[in-house]
Structures are given as structure tokens and as C-alpha cells.
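Below: one structure, written as C-alpha cells.
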Amino acid sequence: MANIVIVGAQWGDEGKGKIVDLLTRYADIVVRFQGGNNAGHTIVLKGEKFVFHLIPSGILYENKQCVIGNGVVVDPAVLIEEVNELKKRGYLKDDSQLMVSEEAHLILPYHRRIDIARDRVFKIGTTGRGIGPAYEDKVARYGIRVVDLMDEEVFRKKLKANLLQKNAYLSEVLKEEPFELSEIFDEFLRFKKQLEKYVRNTSIILYDEIQKGKHILFEGAQGALLDVDHGTYPYVTASNTVAGNACAGSGIGPTMIDSVIGVAKAYTTRVGEGPFPTELKDQVGERIREKGGEYGATTGRPRRCGWFDAVVVNHAIRINGIQEVAITKLDVLSDFDKVKICVGYRVNGKILHHVSSNLKILESSEPVYEELDGWKKEGKGTKKISELPVQAQRYLKRIEELTNVKIAMVSVGSERNETIELKNPFSKGSLKR
């Protein structure tokens, strides 16, 4: 039995979906434990592109079960759209393959409207999907859960009470149109009929499966630097993206987690507002963006691009307890004469080796770089580290030295088979380098 948590070690968009998809072959169940449809995991399988916003990436395996945990905020319309799209493309043939926690909170239409309206006043780069306002209601204890939707009387009562305050806030403060009870109630009853077959007490199911010795893979959304507590606050998401939330967000205890794997790009990206010390606002940054296809899977927004930041990744390693790292998109850095790694921040003549909680300091941080020779060959089809160009090997080795964490996987292309696997995290064995 082994239970593994996959987390992003930067600002999200690290390629976690591909890593989860690859590791699902060793797992029995894949669990999404936080976030909402503000996250998008992209997988390319046999030349076919899949983008998931709520359903765990492991759904493309017919014999695996996928769980949307209680820590996720669920937009029923988005979930139903994903289910229908999968079925249309020949997947999710067995409905028992997907389970949704009855304790997950719902995103309501007023959450989306509030999200968009507020971002016009205080721009933090939200996706406008209603995730933040839904989590606010959860913490304020007037959120509406999936289990509430399953009972029409309970749902109507809670929705009516919420609309009293939401409509007042929308019309009087945000100057937006209010909602009619019937328009939301009727729509969500249709959602109920489509979703009820997936709804379960997933905490009990996961506990029982772990007791049976099943392998569980926990999939995080976004990245460590977007964590609401430990990220670049307030330019963060509304949930805890760190590995510790795999337990709270899925209903199991911390003693049931065996290992944490961080996923990091061979360079760095982020979407939206907020500090980004290694950002490249030049032709090099544009070249990385175009070659890497760095546009948001959820919003299509262009991602800000920069060199690999070891300070950021070390921050992620510390707050997540990361034991191994998967490096993605190494192929994007091919054909550069020189590549750089940030090893520290220069602030007022001093060198810092940590991510400051003070945004004023972080925004004024000047990256301190180490420069390495680049390489020309992308490495697609490579199965061992030793088959990569020598310069690429040195680059990876330097990342290991700076982070003091071993690299377990290296992605050299978008397809499943374009990955160098050094270790199966569900077993004690490792592959040759």
C-alpha cells in the first residue's frame, strides 16, 4: 500500500495533469482534493488533447476510480459538461468510475457574478469562476453542499436565505443585477438529476480502500506559491494547495500519506497578477511562451514566463514536505545557447534565499542567476537521463543540487511516452539514469 500526493512546486500550470496521468497506471484511485474549475489539467493522449477542470486526470484509464473530494468547490454545469464530453469521446463508460463527495461545496451563479464584479475594483487576476466567493461562503458557514442539493427542501431553504444577502450585496454594493430564486432553483434541480448517481460519502470509501491496501494518488490543483496561507498573498487562490490539504480535502488522516512529489517546469510561469522575480519581459520570455504553448488551459490567458527559480521551488519543498520532483517541459529549453537558474534574490545589497512574505520586498527582489550552457536536441523519445545532451544532464543535476531533492521523472514532450521515469513512487525500486 502506498498513498502519494502530487503538488505543484511553482505558481501552478506545472504539468501536474500529465504526471498524474502517468502515475495513475500504478494507482487504484485518483483523488482531487482542492480548488475548482479555475484549474485546468491538460493531457495529450495519442495526439488527442484533453483538458480537465474538475475531474481527476486519471479518468482516461477505464479500470481506475476517480474522486472529487470534499475540499473541491464544484460548479455542477462544468462537471456535467466534462462528463458529457468524456462520454462523447468514448471514456467514462462506467458511471461507478467517478465519485463526488457529498461534502463538497457548490459554486452558485451569484458566486461567479460577485467574483467578476469585485475583480474590477481590486484586480488580483481571478479567473472569474466564482471559486473565491464559494470558499468564502464555506468558511462563513452558509455555503451550500452537494448533499444539500440532493434534498430539494433543504436546498430551497438555504438558497432562499443566501439570496437575501447576496442580492442585497450585488445590487447595492456592486451595482449588479440580482437573481430570482426560481432561475437558480430550477436549473440546479436539473443538475441534481444528472449528478446524484455520482454522489457518495467518499471519506468512508477512501478509508475502506486504504485499509484494503489500495494505492491512492492525490491530485492537487494550482501550485504552492498560490496557497492561500503560504503563497504570494493576496495574489493567490482561495484554498490551501499544499500537500497537507490532501488529508483535510479528502477526509483521511495524515498518517495515511506515504510520499509527496512536487512538479516543476524546467522554467517558471505564472498567470495573473502578483510578484514574479524571474519574469522575462523580453524576446526570450516570448520565445519560451510560444515554444511551450504557455496559455491558460482554463482561460486562454498568456502566461508570464521566466527562468527556473530554485528559491521558489525550495519554498515549495519546505511547505509541502516534497521528497521527489518531476521536471516537465525540459524540451522547451532546447535550442537556447545559454540557460539560467535563479539561486537567490538581491534586495538592498543583501542576498536572500527564501521567498519573503513581504510583497514589497519580493517585488523589489532582483534574481541572482547561475548561467549554464544550453543544448540543441529536445530529447523526445529519450528513456534515460544519460541519453540526454550532456548540457541538459548538467542542468538537471544542478537543480537537484540546489534543491537537495532527487528528480523522479523528466518530461521531454507532451505525450505519455515522452517521459523519462526514474522511479515508480508506488514501489521501492528505481530505474537507471
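Predicted model only: the values in this text are computed from it and were never measured. Values below: every heavy atom of this structure, side chains too, minus hydrogens, waters and symmetry copies.
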- line: Heavy-atom nearest pair, Lys377 first then Glu387, reads NZ-O, 4.3 Å
Side-chain touch Leu149/Val199, heavy atoms, less than 4.5 angstrom: no
- request: Step by step, work out the side chain to side chain contact (heavy atoms under 4.5 Å, CB included) result for Leu330 and Leu388.
  value: CA-CA 10 Å; Leu330 183 68; Leu388 289 170; 3.9 Å; yes
message: Could you check whether Thr328 and Lys18, counting side-chain N and O atoms only, form a donor-acceptor pair closer than 3.5 Å?
response: no
message: Please check if the number of heavy atoms outside Lys338 that lie under 6.0 Å from its NZ is greater than 12.
response: yes
task: Just say parallel, tilted or perpendicular for the rings of Phe179 and Tyr110, cut-offs at 30° and 60°.
output: perpendicular
message: Within the supplied structure, the quantity of interest is the number of heavy atoms (other residues, nucleotides, ligands) at a distance under 6.0 Å from Lys64 NZ; does it exceed 12?
response: yes
- prompt: Where do Arg270 and Asp309 land on the salt bridge (Lys or Arg N to Asp or Glu O under 4.0 Å) test, with the steps shown first?
  reply: CA-CA 12 Å; Arg270 82 168 294 173; Asp309 191 334; over 6 Å; no
task: Answer yes or no: is there a donor N or O on one side and an acceptor on the other, between the side chain of Glu82 and the main chain of His53, under 3.5 Å?
output: yes
- request: Mind telling me whether Trp375 and Tyr395 have parallel, tilted or perpendicular rings, with 30° and 60° as the class edges?
  value: tilted
task: May I ask you to test the Val313-Phe308 pair for a side-chain heavy-atom distance under 4.5 Å?
output: yes
message: Within the structure provided, determine whether Asp75 and Arg129 are in side-chain contact (heavy-atom separation under 4.5 Å).
response: no
- prompt: Is it the case that Glu136 and Tyr142 place a side-chain donor and acceptor less than 3.5 Å from each other?
  reply: no
message: When you compare the side chain of Leu108 with that of Asn162, does any pair of heavy atoms fall below 4.5 Å?
response: no
- prompt: Under 4.5 Å between any side-chain heavy atoms of Ile116 and Glu176, yes or no?
  reply: no
Heavy-atom side-chain proximity of Tyr26 to Leu217 below 4.5 angstrom: no
- prompt: Within 45° of the axis and under 6.0 Å from the centre of the six-membered ring of Tyr235, does NZ or CZ of Arg304 qualify?
  reply: no
- prompt: Among all residues two or more places apart in sequence or in another chain, which pass the side chain to side chain donor-acceptor pair (under 3.5 Å) test with Asn358?
  reply: none
